[in-house]
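Note that the numbering runs from 1 along the sequence shown for the chain. Source: prediction; values computed, not measured.
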Amino acid sequence: MKRLTMFILAALTLLGLCACGGQSRGEASEVTAPPATAEPVATAAAAVATVTASVSTEESAASAIPSSVEPLYLPEAADGWQDSYLAFLDDNYDIFAALWPEGMTGVGFVDLDLDGTPEMIVFDQGASATLGAQLFDWVDGQVVCVSSTLDSASGAFGGEYFTTVSVCTSYFEAFRLSYTVEDGWCFWVDSANGTLESTWNEIVRFDCEDGVLTPVSVCTRYLESDEETGLVVVESYTVSGEEAQAADYEAAANIYLYGQDAGYEASGVFLWSDNSYDTTYDGFLAMARDAVEAYQPIGTGDISAS
């Protein structure tokens, strides 16, 4: 396994797939936590990321509110998921260190596809305004990567279940469990990134197809602003992957923004939450072990939004 790992690392480096910086089993890099009260996005981007509901029409907002909510029932978690995820991180640490040399900043477990067994979320340090989330599922006793901010993760971890939908956010709590008029109960996230001049938002819903976590792009919005005036000069939207108008984007986003939130708080462990964590091999695995212990399953049968 180690010989194969080192071969993959060398190939990734030659192809220029790794970000600049360095991480090893023995050396830790400094990592600064994002602000505690806001997404770590530049001011203009943060405003755009949170303004969707306010700019939407009253009609589309009203139609997105469910008139009734069904109770949520989940099967029991499959035995052995904890050991499988931890073994996967241990076996593949060198690949993580090559793909994200500045360090992995957080690990958590959330049942995003509502099949009873949690998926694993691993946060990298982020390339710009927000952290990147790598999503892993446990399929037939094997851990597989289904989403990453780096396309090269597909080749590194095996691409059978890899999707092109990626997630940028900085908190486990950003993954919301809601009851919607179209999908019933589902997890979703408002994936966002940007600078003072441009912002990107994407509502991502999490499905389960053939027993595998499947992130689905619901709608996207891209805005460019004039640096001097702050006025939007370029804007584009998509719904279900197709070019759309602003009103179409708002209506699609409102289904999730105005869904009935279950109040479930997804959780995980970030390295800045404990001085014993760092970006080394030992720190990374310590975060993962503590994240397993911190995992809170969704209450079965008794979650119903009010």
**Student:** When rounded to the nearest 0.5 angstrom, what is the spacing between OG in Ser68 and CD in Gln260?
**Tutor:**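 One gets 10.0 Å once the value is rounded to the nearest 0.5 Å.
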**Student:** When you compare the side chains of Glu202 and Ser217, does any donor N or O come within less than 3.5 Å of an acceptor on the partner?
**Tutor:**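 Checked: Glu202/Ser217 side chains pair up, N/O donor to acceptor below 3.5 Å.
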**Student:** Could you go through Leu285 and Met287, starting from their C-alpha distance and side-chain angles, then the distance that decides it, and tell me whether this counts as side-chain contact (heavy atoms from CB on, under 4.5 Å)?
**Tutor:** CA-CA 5 Å; Leu285 268 295; Met287 277 196 299; over 6 Å; no
**Student:** Quick check on the 6.0 Å ring-centre criterion: do Phe284 and Tyr277 meet it?
**Tutor:**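 No, the ring centres sit 6.0 Å or more apart.
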**Student:** Within this structure, what is the CD1-CG distance for the pair Ile203 and Asp190, rounded to the nearest 0.5 Å?
**Tutor:**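 Separation between the atoms: 4.0 Å.
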**Student:** Side chains of Glu224 and Tyr222: do they bring a donor and an acceptor to under 3.5 Å?
**Tutor:**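 Distance-only check passes for Glu224 and Tyr222.
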**Student:** Are any side-chain N or O atoms of Thr229 and backbone N or O atoms of Leu231, one a donor and one an acceptor, separated by less than 3.5 Å?
**Tutor:**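 Checked: pair present.
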**Student:** Could you tell me whether the side chain of Val110 reaches within less than 4.5 Å of the side chain of Pro118, counting heavy atoms only?
**Tutor:**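 Heavy-atom side-chain distance check fails, nothing below 4.5 Å.
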**Student:** Hydrophobic cluster membership, with links at side-chain heavy-atom distances under 4.5 Å among I/L/V/M/F/W/Y: are Ile65 and Ile255 in one?
**Tutor:**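 Yes: a chain of side-chain contacts under 4.5 Å links Ile65 to Ile255.
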**Student:** If the plane angle is over 60° it's perpendicular, under 30° parallel, otherwise tilted; pick one for Tyr179 and Trp185.
**Tutor:**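 Rings of Tyr179 and Trp185: perpendicular, as their planes differ by over 60°.
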**Student:** Is a side-chain N or O of Asp226 found less than 3.5 angstrom from the main chain of Glu228, in a donor-acceptor match?
**Tutor:**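 A pair under 3.5 Å: yes.
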**Student:** Check for a donor-acceptor pair, side chain of Thr105 on one end and backbone N or O of Phe270 on the other, with a separation under 3.5 Å.
**Tutor:**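 Judged by distance alone, no pair lies under 3.5 Å.
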**Student:** Under 6.0 Å between the ring centres of Tyr93 and Tyr281?
**Tutor:**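 Yes, close enough.
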**Student:** When you measure from the side chain of Thr195 to the backbone of Glu197, do you find a donor-acceptor pair of N or O atoms at a distance under 3.5 Å?
**Tutor:**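 Side chain of Thr195 to backbone of Glu197, a donor-acceptor pair under 3.5 Å: yes, one is there.
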**Student:** Given Leu213, which of Val144, Val139, Val146 fulfils the side-chain contact (heavy atoms from CB on, under 4.5 Å) condition?
**Tutor:**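 Between Leu213 and the candidates, side-chain contact (heavy atoms from CB on, under 4.5 Å) is satisfied uniquely by Val146.
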**Student:** In chain order, what residues pass the salt bridge (Lys or Arg N to Asp or Glu O under 4.0 Å) check against Glu265, with sequence neighbours excluded?
**Tutor:**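 Counting only residues at least two positions away or on another chain, Glu265 forms a salt bridge (Lys or Arg N to Asp or Glu O under 4.0 Å) with Arg176.
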**Student:** Side-chain donor-acceptor pair under 3.5 Å between Asp274 and Ser276, yes or no?
**Tutor:**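 Short answer, yes.
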**Student:** Are Val107 and Ile121 side-chain neighbours, meaning at least one heavy-atom pair lies under 4.5 Å?
**Tutor:**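 Answer no - side chains too far apart.
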**Student:** Tell me the closest heavy-atom pair linking Ala64 and Asn254, and the distance in Å.
**Tutor:**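 Distance-wise, the nearest heavy atoms are CB-O, 3.1 Å.
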**Student:** Please report the interatomic distance CG(Leu177) to CG(Leu112), rounded to the nearest 0.5 Å.
**Tutor:**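 CG of Leu112 is found 10.0 Å from CG of Leu177.
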**Student:** Would you find a donor on one side and an acceptor on the other, under 3.5 Å apart, between the side chain of Thr149 and the backbone of Gly132?
**Tutor:**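 Not at all, since once roles are kept as given, no pair shorter than 3.5 Å links the two residues.
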**Student:** Where is the tightest heavy-atom contact between Arg289 and Asp282, given as atom of each residue plus distance?
**Tutor:**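 Of all heavy-atom pairs spanning Arg289 and Asp282, the closest is NH2-O, 4.4 Å.
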**Student:** Is the Trp188 ring parallel, tilted or perpendicular to the Tyr256 ring (thresholds 30°, 60°)?
**Tutor:**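 Answer is tilted, since the angle falls between 30° and 60°.
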**Student:** Is it the case that atom CD in Gln142 sees more than 12 heavy atoms from other parts of the structure closer than 6.0 Å?
**Tutor:**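 Counting neighbours around CD of Gln142, 12 or fewer heavy atoms of other residues, nucleotides or ligands fall under 6.0 Å, so no.
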**Student:** Please check if the side chain of Asp111 supplies one atom and the backbone of Leu114 the other of a donor-acceptor pair under 3.5 Å.
**Tutor:**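 Flag set: sc Asp111 to bb Leu114 pair under 3.5 Å.
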**Student:** Any chance you could measure Leu99, atom CG, to Ser152, atom OG, to the nearest 0.5 Å?
**Tutor:**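 Atom-to-atom, Leu99:CG and Ser152:OG are 5.0 Å apart.
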**Student:** Is there side-chain contact between Leu150 and Trp100, with heavy atoms separated by less than 4.5 Å?
**Tutor:**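 Yes. Closest side-chain heavy atoms under 4.5 Å.
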**Student:** For Asp113, is there any backbone N or O sitting under 3.5 Å from a side-chain donor or acceptor partner on Glu119?
**Tutor:**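 Confirmed, Glu119 side chain pairs with Asp113 backbone.
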**Student:** May I ask you to test the Asp137-Tyr161 pair for a side-chain heavy-atom distance under 4.5 Å?
**Tutor:**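 They are not in side-chain contact.
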**Student:** Does the side-chain contact (heavy atoms from CB on, under 4.5 Å) test come out yes or no for Glu160 and Phe162, once each step is laid out?
**Tutor:** CA-CA 6 Å; Glu160 182 179 359; Phe162 195 81; over 6 Å; no
**Student:** Please report the closest heavy-atom contact between Ile298 and Phe187, naming both atoms and the distance.
**Tutor:**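 Distance-wise, the nearest heavy atoms are CD1-CE1, 3.7 Å.
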**Student:** Donor-acceptor pair, distance only, cut-off 3.5 Å: does the side chain of Thr214 make one with the backbone of Val212?
**Tutor:**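 Checking the backbone N and O of Val212 against the side chain of Thr214, a donor-acceptor pair under 3.5 Å is found.
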**Student:** Going by heavy atoms in the side chains, are Asn201 and Tyr249 under 4.5 Å from each other?
**Tutor:**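 The answer is yes, as the side chains (C-beta and beyond) meet within the 4.5 Å cut-off.
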**Student:** Indicate, with yes or no, if the rings of Phe172 and Phe123 have centres closer together than 6.0 Å.
**Tutor:**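 Distance test on ring centres: under 6.0 Å, yes.
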**Student:** Just do the side-chain hydrogen bond (donor to acceptor under 3.5 Å, both in side chains) check on Thr238 and Thr220 with the steps written out, would you?
**Tutor:** CA-CA 5 Å; Thr238 69; Thr220 67; 2.5 Å; yes
**Student:** Could you please spell out the steps behind the side-chain hydrogen bond (donor to acceptor under 3.5 Å, both in side chains) verdict for Asp115 and Thr117?
**Tutor:** CA-CA 6 Å; Asp115 67 352; Thr117 301; 4.7 Å; no
**Student:** Of all the heavy-atom pairs spanning Ser166 and Val204, show the shortest one and how long it is.
**Tutor:**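 Minimum heavy-atom separation between Ser166 and Val204: O-CG2, 4.4 Å.
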**Student:** Provide the closest heavy-atom pair for Val122 versus Met104 in the form atom of the first, atom of the second, distance.
**Tutor:**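 Closest approach of Val122 to Met104: CG1-CE, 3.3 Å.
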**Student:** Donor-acceptor pair, distance only, cut-off 3.5 Å: does the side chain of Asn92 make one with the backbone of Leu89?
**Tutor:**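 No; judged by distance alone, with no hydrogens or angles, the pair does not exist.
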**Student:** Check whether Ser198 reaches the backbone of Gly194 with its side chain - one donor and one acceptor, N or O, closer than 3.5 Å.
**Tutor:**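 Judged by distance alone, no pair lies under 3.5 Å.
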**Student:** Using the ring-ring contact (aromatic ring centres under 6.0 Å, His included) definition, which of the options Tyr85, Phe109, Phe88, Trp81 pairs with Phe136?
**Tutor:**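 Going through Tyr85, Phe109, Phe88, Trp81 one by one, the ring-ring contact (aromatic ring centres under 6.0 Å, His included) with Phe136 is satisfied by Phe88 alone.
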**Student:** Using a distance-only test with no angle check, is there a side-chain donor-acceptor pair under 3.5 angstrom linking Thr280 and Asp278?
**Tutor:**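 Short answer, yes.
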**Student:** Between Gln134 and Ser148, is any side-chain donor less than 3.5 angstrom from a side-chain acceptor?
**Tutor:**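 Yes, a side-chain donor-acceptor pair sits under 3.5 Å.
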**Student:** Heavy atoms only: give me the nearest Phe175-Thr169 pair and the separation to one decimal.
**Tutor:**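 Result for this residue pair: CE1-CG2, 4.1 Å.
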